[in-house]
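Everything below concerns the one structure shown next.
Below, read A as the first sequence line, B as the second, and so on, with proteins coming before strands; counting in each chain starts at 1.
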2 protein chains.
Amino acid sequence: MDTREKILDTALTLFNKEGTAAVSTNHIAEAAGISPGNLYYHFHNKQEIIRELFQRLNIIWETLESIPQDHAPVMADLKTVIEANYKIIWQYRFLYRELVALLRQDTELRTSFLAVRQRGFDGFHELLHMFSEAGVLDLPDDPKVVNELQEICWLISEFWLTNLEVNGLKVNEAEMQRGVNLIFRVIQPYLA
Amino acid sequence: MDTREKILDTALTLFNKEGTAAVSTNHIAEAAGISPGNLYYHFHNKQEIIRELFQRLNIIWETLESIPQDHAPVMADLKTVIEANYKIIWQYRFLYRELVALLRQDTELRTSFLAVRQRGFDGFHELLHMFSEAGVLDLPDDPKVVNELQEICWLISEFWLTNLEVNGLKVNEAEMQRGVNLIFRVIQPYLA
DNA sequence: GTCTATATAATGATAGAC
DNA sequence: GTCTATCATTATATAGAC
C-alpha cells in the first residue's frame, strides 16, 4: 500500500481510539511500521495529517450528496440516509468528538468543513420538502418551525454517537438504530 | 484569594478558551501569577486539576437537584430549568466539548460524573411526569416513547452549546433561548 | 523513499532555599 | 506556602546516509 495512505489510515485508527492529543507523530510512525523521519517526508506535521483526514471526510460527504434519487421518496429512504450518516461519522468519530478544538486550530479546514456541512444541511431541508410534496410528511406552514425540527434532527445525527460513547455504550447496529428512531420520533407528529 | 481556588479558576478559564490539550501546567501557573513549583504544591498534576473541576461541576448539579418545588409546575418552570442547565454547561464548557476523552482518562471521575448525570436524567423524567399529572402535558402511554423524547431533550441540552461553537456562533442569551425553543419544540406536540 | 541519528523545545514534575 | 533551579521525558522536526 501507498505509504502516505498507510499513514493516514493508521492515524485515523489511533485518533479514533485515543484522541488526537494522546497520539504523537512517533506513535503514528511506529504503528504504521515506518520511521519518524519517513512520516515527516510525507507530511509536514501532525496538523497536516488531521487536515488530510478532514479532506477525506469532506469528499465522502460530497460523494453522498450527488447520489440521484430515482423514485418518489418514502420513509425507508430517510432511514437509509440517516444510517449512512451515522456510519460515516463513526468512521471519523475523533473529528466529531473534538470538533470545537480541531476547527479552531485550523481556519482553512474550518471553512471547508462548514461549507460541506452547510450543503448537507440544505440537502436535508430539500429532502424534508420532497417528503412533504410526496404527501408523506405534513410539515407546519411556519418555516421557522420546520427549521427548528431540522436543527434538532441535525443535532441528533451529529452527536448521537458521541453521546453513546460518553455513556460508555458499545456502538453497534442496535444502538445506531436507536439513533435513527430518535430522529423519527422528532418528525413522527408530522407524519401525514 | 485562596491559591488553590485561584489555580482552579485560572485553569477553568484557560481550558474553556483553548482546550485541555493546549494548556500546560506552566501556562496555568503563569496565568495565575504563581510559580510552576507552587502549582505542584497544590496539585499533583494536571489531571488532578481537571478532576477537581469536574468535582466542582458535580456539586453544582447536586445543589440544583435539591431545590424544592413549592407550586404545581408550569411551563415557565421548565424554561427556568433548561436555562439554568445551559448556563452551568457554558461555565464548564471544556468538559462537555471533550467529554469522551476526559472520561476515558479517568475511571473514577467517569463513575462519579455518570452517577450525577443519571440522577439529573431521572429528575428530568420526574419533572415530565409532574407536568403530565398537572395536566400541562399529555404524554404518550408508551414509556418507550416518553423515554425517547427525554433522550432527545437531554441530547439537545448537553450538545446545543457545543453545536453553536462548532458553527462559530457567539454564545449569548439569544442563542441560548434558541436552545430552549428547540427543547420546547420537541414536547410541543404533546402539550395538553 | 526510507532509514538512523540528532537538534531543539516544551512539558511534567521534583528538590531545596527562603 | 512560595520561589528558583533543575531534570527526565517526550514531542516535533530536520540532516544526511543509503
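- Distance A:N38 CG to D:dT14 C1': 14 Å, rounded to the nearest Å.
- Applying the ring-ring contact (aromatic ring centres under 6.0 Å, His included) rule to pairs touching residues 129-148 of chain A yields A:H125-A:H129, sequence neighbours excluded.
- In terms of the side chain to side chain contact (heavy atoms under 4.5 Å, CB included) criterion, residue partners of B:Q105 (sequence neighbours excluded) are, by chain and number, B:Q47, B:L102.
- In this structure, A:H44 atom NE2 and D:dA15 atom P are separated by 12 Å, rounded to whole Å.
- Atom CD in A:E18 sits roughly 15 Å away from atom C1' in D:dA11 (whole-Å rounding).
- Remark: B:S24, B:T25, B:H27 in residues 20-36 of chain B come within less than 4.0 Å of DNA chain C through at least one heavy atom.
- For B:Q188, the side chain to side chain donor-acceptor pair (under 3.5 Å) criterion is met by no residue, not counting sequence neighbours.
- Not a single side chain to side chain donor-acceptor pair (under 3.5 Å) links B:D138 to another residue, sequence neighbours left out.
- Rounded to whole Å, atom C1' of D:dT14 lies 16 Å from atom NE2 of A:H42.
- Not counting sequence neighbours, the partners of B:Q177 by the side chain to side chain contact (heavy atoms under 4.5 Å, CB included) test are B:K79, B:E83, B:V180, B:N181.
- Note that the first and last nucleotides of DNA chain C, 5' to 3', having any atom under 4.0 angstrom from a heavy atom of chain A are C:dG1 to C:dT4.
- The list of ring-ring contact (aromatic ring centres under 6.0 Å, His included) pairs with a residue in residues 31-58 of chain B, not counting sequence neighbours, reads B:F54-B:F113.
- Scored by the side chain to side chain donor-acceptor pair (under 3.5 Å) test, A:Q55 finds no partners at all (sequence neighbours excluded).
- Classified by interplanar angle (parallel below 30°, tilted 30° to 60°, perpendicular above 60°), the ring pair A:W61/A:Y96 is perpendicular.
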